[in-house]
Structure formats: structure tokens, C-alpha cells
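Below, read A as the first sequence line, B as the second, and so on, with proteins coming before strands; counting in each chain starts at 1.
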Amino acid sequence: MASFTKITSHAVVIPAENIDTDQIIPARFLKVIDKNGLGKSLFCDWRYLSDGTDNPDFPLNFSASQGAEILIAGDNFGCGSSREHAPWALVGWGIRVVISTSFADIFKGNSLKNGLLPVVVSADVHQKLLAAQRADPKAQISVDLANTTLTLPDGSTTKFPIDAFAQHCLLNGIDQLGYILSFDEKIKAYESGHPLTN
Amino acid sequence: MAKTLFEKIWNDHVVVEEPARPAVIYIDLHLIHEVTSPQAFAGLRTRGLKVRRADRTVATMDHSTPTTPKALQVIDDQARAQLSQLEKNCAEFGIRLFALGDAKNGIVHVVGPERGFTQPGMTIVCGDSHTSTHGAFGSLAFGIGTSEVEHVLASQCLLQSKPKTMEIRIDGTLSPLVTAKDIILAVIAKIGTGGGTGYVLEYTGSAIRALDMEARMTVCNMSIEAGARAGLIAPDEKTFEYVKGREFAPKGADWDAALARWKQLPSDPGAKYDTVVTLDANTIEPMITYGTHPGMAVPVTQTLPAASDFSAGSDRQNFEKAMTYMGLQGGRPLLGHKVDVVFVGSCTNGRISDLRLAASILKGRHVAPGVRALIVPGSQEVKRQAEAEGLDRIFTDAGAEWREAGCSMCIAMNGDQLSPGQYAVSTSNRNFEGRQGKGGRTFLASPATAAASAVTGKVTDVRTLAAV
Ligand code: SF4
């Protein structure tokens, strides 16, 4: 996994709350057997009109949104299914950070394993970010993972919470499976004490 | 110290616990299906790893399998490739697979309990959020992403930070025709779709104890719709009775030993939960969702909220956005609203007791003209049982479609789907925009409410259906 340090970018804003994984990537795109190529289907049912052309009213299609690496969304982002296709699609489009007031558990875990950083902010900071982005769609936001700070376009900073282990893995590009497998002896010991009985 | 059911299972599965690190916990049972596993197997191959415990891994095909009777045509080449990939992966790594056409095939969360894989006290994972279903047996069961599927395949372990616990205590007695589905919709309406985030829920109380195992599965199934990591119900005699004798349940002396262990699992008297929520079963009515997430639910007899009931700001915007998508007006009743499709099935309500309930409503009645009703059993075993009881005839005589087992219109990956603008009363678990087909609009409800609505062609309070 690529390591993650600091991202400075303008943001795309999709303000709806409870954006579920069926919106992020509808189920009909889950019939793939690899992780690549999902970016074009990100938010498919909101992003394209029924004739397949871009919906000009959807934020991802705004010209100012192009190249954004940060997504700002409403509360409880990523609720619904466990599909890791959701972070794959976001990363496939170019998003590296999602900012919201809260995230669904499984989505958060999946994101962290794919170099996508979920940043939880207070409602107050969220409002400030939305206002700044409204005033200037190219306003720059910085996310510094090592220091867990978010810098708003006005230069003010705020801390964001992150699980220390997830931070460590992201910063150093550490693969969690490798970490688990380093406990092979302990797993063996556990297994010998807990035989399968069915 | 007094411990909760969750703490007992957790403590029993910790392999490594170090400060400031998530715990490494052991997984007893890993269920897999075609949609969320291919990339995990690809990852194993890239790293040159094996499946550590193929004997603790079970696969089924369900999400994109066809349910049309007879001509089992997989919808497209992509779905076919995904199904055959699962077949290859299982063959290569020696994993038991209930493939399409197998007599034991079905939805992963129906097959696990039905075959006796699901047992009290286990840790169970699957690359599917409704893995919470298995918590009905007093097992810690939760959905994981594909990276984690790879972790478990390779190591039989998972990194987990310890969740908090929430007791959801439901005392009292349900009224006739009020079901487990109504309980869980009432719970989600109360705590909200994010209300369970970071928690494992334990459902307790006399109303829960009174439920049979299938109804308990319905409750636990939708724990994820409240954002919870998992939902649990303490095992009791009903649980043991259900598991006993099933194909993969322990036998003989192993059974006795297992039973002795399982009896230790229920939360100790005085065990503390981080949060407690209570509901009164006596007051729960048949519930129905009207919006675009499962928390937007009301008793079917009640008028819908109006925009003015929400504080200005995001709450009101969410409500208005949902009502626009659903083509509904706030402040009006949902009762009597037209219905195009009725879907009875899914891992929430596709078990034999659900089909019996739907059949008891449809018996001697007919699906309203213009309404399409699909009855999709959760597994081939459920299908056989239903046919042995003659339920299939009741459904077809009533003008409903009797289908093969699978996820079907719950997720609309296999071609069973709503057309844009159509309204469905569905016994599944998600009413998200487009979940049952692009532009489709879903009202989630119990099998009783769904069947009654099929008969009238309108959203119906099953309790008011005239006797036949
Ligand atoms: S029935 Fe629906 S919720 Fe259940 S496993 Fe299948 S797709 Fe998921």
C-alpha cells in the first residue's frame, strides 16, 4: 500500500447525509473480479443522466471539482454494505481524503486499508469548510496525517481523531496482513487450544 | 466481574492484545460469496499465500444468481465470470462450496444457520454487512471488507478494536401480526441509522426471548442498518434445539461439551453495558419505511412526518430529498398508497417461517391486478420445505411468482429489479435509492404487511384485511 503523508487540495462537496455505499457504487458494478476501473462508476446514478451524459448539477461534474483529492460529505458517510468497492471507486476517481462529521464503521475500516483517509470533524468545522468552499471552489484544504491536523482555507487548524495504529500503518505504508502474520506462533498456539469440533 | 455475552466471546477469541494496537482476534467461521471475495483470492496469489483454515471457510453463490424458475440463466458474462471465479478459487484452495444448482445452495446468511455451521459463542465473519444475522445464536458475527476477507483467508484472524456494548431491552408482548421485522424497524427508527455506530447491540427482554430462532435472525440481521458492528441475542433452549442435529453441528460427546460451554455464554446478572435503550413490545405496530434509509420508518397506520416536523437545516433537507426521490408528500398517510411490486425474500425475511406467514395471508386470496409479487426462498432447503408444505401452490394460486433461492430483488444484481418510478413493498433490509433497481422506490415491511399489500395493491395494515 502506498504511504500517505500530507494532502493539499481543493475539495468537491456532496453535502447529503447518510450517503450509502449503494450510492457511492451501485450494486450492478460489483460483478468485477479486480479493484481497478471503478472510478468511472463512482456515484453513477447521481452523476450521469439517463442518456448516459454527465449530470451538470452533480458536484463531481463541476469543472472546479476536477482534480480534487478531498471530498466533503454529510454525516454518516458510507453507511450500508461492506463493499470495499466503495473506497476503490473513490480512490479510482482520485479522492484521497473524505471529510465528514461521522463515518460508518465498515466503510472507515475499508478506506484506511486503501490509502483513503476518513477525517472526522465537528459540525462547526464542517460548516466552515462548506462556507469556504462555497466562496471559492478552489480553496485549498490541507490534511497532515503525521500531525493529525486539518488546515482550513483561512489558515486555521484543527486536530482530527484517528486510531493510532491505522495512522502508523498509513504513514508507513504498512500492510496489516503482514502484521497479523507476524503472530503466526501465537495463532498456532491459540488453534491448538481451540480445536474445531464440528 | 460480571461480564456481558459480548465480552465473553471477545475474551475467548483474543490471540494478541497489546496496548495502542487493535487486538488480533481468532475467527471460527468465515463465510464467503462471489461478490466480495475475488480480489481477496487474487491478493493471496500475489503474495503466494494459502488459505489457512479451509475447514473453517464455507462458500455459497447468492448475490448474482438467477432465481427464475427452470431456465437458470445467469444475467450476463460478467456475473458468469464472477461465479466461475469463485468456483475456481474454492477448488484451488479446497473450500467447501454450495454452488448454483447445489441442493444446499442459498443466501449465505440462510445457509450458515440452516446447515449448522453457525453456533453459539463463535466469531463469524463474511464480506457482507448482514453477517450480523448470525448473532441470533449468541455468536459475534459481523461484516468485513474484501481486504479483511484476505486477512482471514490467510491468517484466520482479524485486527479489531474493541467495540462498545449497547443493551436493547424489549419487554412486553407483540400483538398478533406484529413481527420481528416490526421490532427491528422500530429499533432503528428510535436510535437512528448511525445510532449503533461503534457498538455491538445485545437484544434482551421478554419480547426477544419469546421470538423463535428465525425471528431472532430477522432482528439481528438489521443491526447493521442502525450502524452497529454486530447484534447479539443470548443463546437459550430454543437456540440449542435449533442447532441440534444439523449437518455441521457437533455430535455425541462433542455436543455435550459444546452445550456445557454455550450455557455459560449469557450475560451475567449485573453485567454493565455502555448504553441501554428500552422499547415496549406492547406498543409496537406494523412498521413501514417511507424514505431512503431504514431509519425513516413509521407505524403503517400513522401519517408521514411533514417537513415542518424537522428543524431547518440538514434534517429537513434530508427529509425533503428522500420525499422527492420517493415521490411522496409529507403529512399524509402511506396507507392506501399504490404498490407495483411485492418482494418477499432476502436474508432478512426469506426463511420458512416468513414464507408461512406470507402464505397464511395469501391463502384463498389473490394478488391485485397489475401487481407483481415475487416470493423468493432464502435457500434451496427453504424452497423444498415450502413445497413440501404446499406453500408454493398457495403462492401460485394467488398469482404470485414462486422463484429459486437467492438474493434476488434485495440487491437487484441478477436481473430481478424494479423499473424506474415503481413502488415496492419489500421484506428486505435496504430502501436506499436505487437499491432494488435504478429509480425504484422501496417500502420495507414485514412479510405479513407485504402479502397484505400484494392482495390490495396498496400499502395495507394487515390487521384490517377482511377475513376470507
Ligand atoms: S439477501 Fe440482500 S442483504 Fe442479504 S446477503 Fe443477499 S444481497 Fe445482502
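- Heavy atoms of B:His151 lying under 4.5 Å from chain A belong to its backbone as well as its side chain.
- For a residue to count as touching a neighbouring chain, one of its non-hydrogen atoms must lie under 4.5 Å from one of that chain's; by this rule A:Ile180 touches chain B with the side chain only.
- With no hydrogens or angles considered, no side-chain donor-acceptor pair links B:Gln39 and A:Trp88 at under 3.5 Å.
- A salt bridge between B:Asp76 and A:Arg28 is absent, with no side-chain N of the basic residue lying under 4.0 Å from a carboxylate O of the acidic one.
- A donor-acceptor pair shorter than 3.5 Å can be found between the side chains of B:Thr193 and A:Asn18.
- With a 4.5 Å cut-off on non-hydrogen atoms, B:Ala42 does not touch chain A at all.
- Between chain A and the options B:Val14, B:Val149, B:Asp12, the largest number of non-hydrogen pairs under 4.5 Å is found for B:Asp12.
- Looking at B:Glu34 and A:Lys31, no side-chain N of the basic residue comes within less than 4.0 Å of a carboxylate O on the acidic one, giving no salt bridge.
- Contacts of B:Arg435 with chain A are made by both backbone and side-chain atoms, with heavy-atom separations under 4.5 Å.
- For A:Ile106 against B:Gly145, the heavy-atom pair with the smallest separation is CG2-N, 4.4 Å.
- Interface residue B:His13: backbone and side-chain heavy atoms are both found under 4.5 Å from chain A.
- Here A:Glu191 pairs with B:Arg52 in a salt bridge; the nearest charged N to carboxylate O distance falls below 4.0 Å.
- With a 4.5 Å cut-off on non-hydrogen atoms, B:Ile144 touches chain A through its backbone but not through its side chain.
- For the set A:Ser50, A:Gly74, A:Gly80, the count of heavy-atom pairs under 4.5 angstrom toward chain B peaks at A:Gly80.
- For B:Glu18, the part lying under 4.5 angstrom from a heavy atom of chain A is the side chain only.
- Under 3.5 Å, the side chains of B:Thr36 and A:Glu84 contain no donor-acceptor pair of N or O atoms.
- With a threshold of 4.5 angstrom between heavy atoms, B:Ala412 does not approach chain A through any atom at all.
- For A:His194, the parts lying near chain B are the backbone and the side chain together; criterion is any non-hydrogen pair under 4.5 Å.
- Atom CD1 of A:Ile19 is separated from atom NE2 of B:His293 by 12.0 Å, given to the nearest 0.5 angstrom.
- When each of A:Ala189, A:Ala104, A:Ser82 is scored by its heavy-atom pairs under 4.5 Å with chain B, the top score falls to A:Ser82.
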